Asks: 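Structure in structure tokens, see below.
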Amino acid sequence: MHYSIPYEKDLNQSQLNAVQYHHSPLLVLAGAGSGKTRVITYKIAYLINECGFDPESILAVTFTNKASNEMKIRVMSLLGEEVDVWIKTFHSTAAKLLRVYGSYFGIKQGFSIIDQHDQHTVVRDIIKKMNIDTESHKPEKYVYLIERAKDNLLDPEEARAAEFSTDPLFYDIFHKYASILKGDNLFDFGDLIYNVVRILRENKEALTLLKRRFRYILVDEFQDTNHSQYILVKLLALPEGEVCVVGDDDQSIYGFRGAKVENILNFQADYKGTKVIKLEENYRSFQTILSASSSLINRNTGRLGKTLYTRKGKGEKLCFFHASTDRNEAIFIASEIQELIFRNGYSFSDMAIFYRMNAQSRSFESILSQLRIPYIIVGGLRFYEREEIKDILSYIRLVINPMDEISLRRVMAKPPRGIGTKTVDTLIQCTIRGGVPFYDFKNCSEISSSRSKKLSNFTALIMELSEEMNKTYPPDILRKIYDETGYVEWLKEQNKEEKLANLDELYNAVEEFSRRNPSSPISEFLEEVSLNQAAGDEEFQNNRVCLITLHNAKGLEFPVVFIAGMEEGIFPHFLSGGHKDDIEEERRLCYVGMTRAMEKLYLTAAKLRRLYGRNIERSISTFIHELPEDLLLYKEEKHLENKSVSYYSSEARNQIKRGGDKSYRRTDSFVESDIEKGTRIIHKQFGKGKVLELEKGIAVIKFDDGKIMKFMLQYTPIRREETDED
DNA sequence: CCAATAAGTGTTTTT
DNA sequence: CACTTATTGG
């Protein structure tokens, strides 16, 4: 009847055990590259196909949208059809639960979700109103404390009782913050989880309802759960214990947002009869990469401990390059990318550059675009965080939720309407704070008639839009907002071409959304983008080098990885403090980065780095010194200068001097590749083979399946077959 | 009271 | 470099 899945063939023994076991709670300790996602996806398929679970009764939670999307696709391809399993992030699970079941349990519908920037704005306003200076009392500090309090399921009063912070002002600020969000019907990320937990704890009926619905729960990246997420899972999963969590304590990198590695350790204590399965075979990396990263992570204390091994062969040494400046670091990486493309047959999408801070991407952007190397920045200055995009989204939010003062403030002077902060303050005071929508201001005596007239124009516009909100096709609503608020006109006056282009892109995104979900209102689009801050999902489709932060790189893999900025103060970052725990988290981050690499791993540093406008001398990261010397190949700029091959000194540099060559053409130096007559090669598409003839850059290759083909070497994705010589 | 401009400052990682 | 705050002209 259903697809028969060859579990035994596709999985190794430990993976198979993890997939088939479901007699008690299951903890899978999955080392880097050990097939963690494979286990979860096959397990979901197994539960449905072999154990008779209704797809709707399975809940699989991840941390990122990227992970959940990938998981959905893989489950779908295993089962051969789309299934109704909930595969979602923690936050979108919570949001969906609050939307679907919330109204039964006292959650007001139509809430919007705010991001950290909005949180910051609210807190800054509170501090200002309290007449405290924002120098010694930094808003970001309070945002951080509020988030941590919510992670720990504390409301302002409970936080005070628990002496959560030594700063007495905190409780007051937290209290004001909470009441503003409540009054505006806004939720921050922490509220989503917090409120679900609160309902489940206080309301037996809700708990029964959800427990009846979700019979089996899977959690990915369990080491990244914070307290509230841990409790949420526990509420749903106990006492039955139909649960499987997968994680790796060595890859815990989100301590700064409340994640607790201890949750992995506590798991066995909280869930009676837990079965532990370790996945220790690494399918991703060569031995050198694995050895180097293992010896780094071995320096951390309090680990559960795993012994990863690989059967992929030895591999080359890692390369450490010490550049004189950050610019030269970028040039080195760029030229190395060209080499790997032309000589080894890698494609751009095989390679990634990792860095600790988003600000580091700039130097790569400029060099790569000068050399016409295609790249994509993942994360970074995200699309939905751009000013113009947030402005338009705020208009939509305001139309949906007239109590949303954050959006109101944001949008009021864009374009300028003769209404400033003073007037907005009084307006909010006598409307939203009194529990009525912002457009009910007729009883406000404090607002002068001249302002009142201007306000009326604005409120009439928003009310008109809200009339149409539910009956109009979402892209048309967007168009109306563009035109009738005067926003697009305003941008045109200022010749903000890029912003206008972004608004076109936003329009396309809404159109695309409406095509996917024909009957969904625009509010659902809003939900989607609030919880999925990432850019479009065609990120990896084109052939581009991936530029990404180390944090975002978790869960990904690339044949070639460059980790840039291996310098004290940057990585480990100086703000991460000198404390042991912080350094260990940075070390885990380095471990995560290194273990993304399948074949080649480069680590680079600069002696002089320009950052935030000033040049600073930097020394090499301790993490480099912590790697075994015999696994590292040191390269310095001066070594390269002497090289006769046009390496980075002439070829790449000349191009940069020319400002990039549009008709970029390989030069002879690249023809001297390491491929010659007789070389065994791997072709990206056709697999392994041997070079029979090689003349004028054209190779005749006989593949192992007998096929003989001709290729232009320079355009062919082939590279030497790595021989694991001893 | 609003809006545009000039000076000043402090710098991570993300759902 | 980007973002916040202070100042000034309207």
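All chains are named by letter (A, B, ...) in the order of the sequence lines, taking the proteins before the strands, and each is independently numbered beginning at 1. Values in this document were obtained by computation on a predicted structure and should not be read as measured data. Hydrogens, waters and symmetry mates play no part in the numbers below; they use all other heavy atoms, side chains included.
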Asks: For B:dT15 and A:K554 - does any side-chain N or O of the residue sit under 4.0 Å from the phosphate oxygens OP1/OP2?
Replies: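 Checking B:dT15 against A:K554, no side-chain N or O comes under 4.0 Å of OP1 or OP2.
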
Asks: When you get a sec, tell me which of B:dT15, B:dT14, B:dT12 is the closest nucleotide to the side chain of A:T89?
Replies: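 When the side chain of A:T89 is considered, B:dT15 is the closest of B:dT15, B:dT14, B:dT12.
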
Asks: Cation-pi check, A:R588 to A:Y591: give yes when NZ or CZ is under 6.0 Å from the six-membered ring centre and within 45° of the ring axis, no otherwise.
Replies: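 The answer is no; the distance or angle limit is not met.
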
Asks: Nearest-Å distance, NZ (A:K138) to C1' (B:dT9)?
Replies: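 After rounding, the gap between these two atoms is 10 Å.
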
Asks: Any chance NZ of A:K390 has more than 12 other-residue heavy atoms, nucleotides or ligands included, within less than 6.0 Å?
Replies: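 Counting neighbours around NZ of A:K390, more than 12 heavy atoms of other residues, nucleotides or ligands fall under 6.0 Å, so yes.
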
Asks: Taking any heavy-atom pair under 4.0 Å as a contact, classify A:F63: base, sugar-phosphate, or nothing.
Replies: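 Sugar-phosphate contact only - A:F63 comes under 4.0 Å of backbone atoms but never of a base.
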
Asks: Under 4.0 Å between a side-chain N or O of A:N65 and OP1 or OP2 of B:dT14?
Replies: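 Indeed not, no polar side-chain atom of A:N65 lies that close.
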
Asks: With a distance cut-off below 6.0 Å to the six-membered ring centre and an angular limit of 45° from the axis, does A:R362 pair with A:F364 as a cation-pi contact?
Replies: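 No, a cation-pi geometry is absent between A:R362 and A:F364.
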
Asks: Please report the distance separating the C1' of B:dT13 from the corresponding atom of C:dT4, rounded so that it comes out in whole Å.
Replies: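 One C1' to the other, the span is 23 Å.
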
Asks: Would you mind reading off the distance between A:I548 atom CD1 and B:dT13 atom P, rounded to a whole angstrom?
Replies: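 Checked: the CD1 to P distance equals 13 Å.
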
Asks: For atom CD of A:E617, decide whether the heavy atoms of other residues, nucleotides or ligands shown that lie under 6.0 angstrom number more than 12.
Replies: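 Open: at most 12 neighbouring heavy atoms sit under 6.0 Å from CD of A:E617.
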
Asks: For A:Y254 and B:dT13, say yes or no: do the ring centres fall under 5.5 Å of each other while the ring planes differ by less than 30°?
Replies: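 Not stacked by the 5.5 Å and 30° rule.
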
Asks: Rounding to the closest angstrom, what is the interatomic distance between B:dT12 and C:dT5 at atom C1'?
Replies: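 Nearest-Å result for B:dT12 against C:dT5 at atom C1': 24 Å.
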
Asks: With a 4.0 Å limit, can you tell me whether A:N552 has a side-chain N or O closer than that to the phosphate oxygens OP1/OP2 of B:dT14?
Replies: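 Yes.
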
Asks: Are OP1 or OP2 of B:dT14 and a side-chain N or O of A:T549 less than 4.0 angstrom apart?
Replies: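 Yes, because at least one side-chain N or O of A:T549 sits under 4.0 Å from OP1 or OP2 of B:dT14.
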
Asks: Give the rounded distance in Å between these two atoms: NE2 of A:H227 and P of B:dT15.
Replies: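 Result: 23 Å.
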
Asks: Tell whether A:R257 reaches the base of B:dT15 with its side chain through a donor-acceptor pair below 3.5 angstrom.
Replies: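 No such pair is found, so the answer is no.
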
Asks: Calculate the interatomic distance between A:L575 atom CG and B:dT11 atom C1'; express it in whole Å.
Replies: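 It works out to 8 Å between those atoms.
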
Asks: Grab the two heavy atoms, one from A:F623 and one from A:L296, that are nearest each other, plus how far apart they are.
Replies: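 Closest approach of A:F623 to A:L296: O-CD1, 3.7 Å.
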
Asks: Check step by step if ring pair (Phe, Tyr, Trp, His ring centres under 6.0 Å) holds for A:Y355 and A:H551.
Replies: CA-CA 9 Å; A:Y355 36 79; A:H551 281 88; over 10 Å; no

Asks: Please check: side-chain N/O of A:N401 versus main-chain N/O of A:F111, any donor-acceptor pairing under 3.5 Å?
Replies: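 No, the answer is negative, given that no donor and acceptor are paired below the 3.5 Å cut-off.
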
Asks: Do we see A:H573 stacking on the base of B:dT12, given a limit of 5.5 Å between centres and 30° between planes?
Replies: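 Stacked: ring centres under 5.5 Å, planes under 30°.
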
Asks: Please list, for nucleotides 1-6 of chain C, all pairs of protein and nucleotide N/O atoms separated by less than 3.5 Å.
Replies:
unit_1 : atom_1 : unit_2 : atom_2 : d
C:dA2  : OP1    : A:R362 : NH2    : 2.8

Asks: Could you check which of B:dT15, B:dT13, B:dA3 has an atom nearest any side-chain atom of A:T64?
Replies: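 Output: B:dT15.
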
Asks: For A:E585, answer base if it contacts any base atom (sugar-phosphate contacts may also be present), sugar-phosphate if it contacts only those atoms, and nothing otherwise; contact means non-hydrogen atoms under 4.0 Å.
Replies: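 Nothing, no nucleic acid heavy atom in range.
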
Asks: Angle between ring planes, A:H137 versus A:Y142, binned at 30° and 60°: parallel, tilted or perpendicular?
Replies: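 If you compare the ring of A:H137 with that of A:Y142, the planes turn out parallel.
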
Asks: Return the value, rounded to whole Å, for the distance between atom CZ of A:F574 and atom C1' of B:dT12.
Replies: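 Atom CZ in A:F574 sits about 9 Å away from atom C1' in B:dT12.
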
Asks: Out of A:L232, A:L236, A:T93, which one pairs with A:V61 under the side-chain contact (heavy atoms from CB on, under 4.5 Å) rule?
Replies: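 When A:L232, A:L236, A:T93 are each tested with A:V61, the side-chain contact (heavy atoms from CB on, under 4.5 Å) holds only for A:T93.
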
Asks: Ring centres of A:H91 and A:F63 under 6.0 Å apart?
Replies: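 Ring-ring flag for A:H91/A:F63: false, centres at least 6.0 Å apart.
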
Asks: Hey, what are the protein-to-nucleotides 8-10 of chain C N/O distances that come in under 3.5 Å?
Replies:
none

Asks: Report the residue (A:E140 or A:E147) whose heavy-atom-nearest nucleotide on DNA chain B is the more 5′ of the two.
Replies: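 Its nearest nucleotide being more 5', the pick is A:E140.
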
Asks: Starting at atom CD of A:Q119, determine the distance to atom P of B:dT15, rounded to an integer number of angstrom.
Replies: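 Atom-to-atom, A:Q119 to B:dT15, this comes out as 14 Å.
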
Asks: Side chain of A:E586 only, heavy atoms from C-beta on: which candidate in B:dT12, B:dT14, B:dA3 is closest?
Replies: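 So the nucleotide nearest the side chain must be B:dT12.
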
Asks: What is the separation between atom OH on A:Y144 and atom P on B:dT15, rounded to the nearest whole Å?
Replies: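 Between P of B:dT15 and OH of A:Y144: 17 Å.
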
Asks: Side chains of A:S228 and A:D151 only: does a donor on one sit below 3.5 Å from an acceptor on the other?
Replies: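 No - no donor-acceptor pair under 3.5 Å links their side chains.
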
Asks: Rounded to whole angstrom units, what separation is found between the CZ atom of A:R148 and the P atom of B:dT15?
Replies: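 One finds 14 Å between P of B:dT15 and CZ of A:R148, rounded.
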
Asks: Give a yes/no on whether any side-chain N or O of A:N358 is located under 4.0 angstrom from OP1 or OP2 of B:dT12.
Replies: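 Result: no.
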
Asks: Identify whether any heavy atom of A:K414 sits under 4.0 Å from a base atom; if not, whether one sits that close to sugar-phosphate; answer base, sugar-phosphate or nothing.
Replies: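 Nothing: the residue A:K414, judged by heavy atoms under 4.0 Å, touches no strand.
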
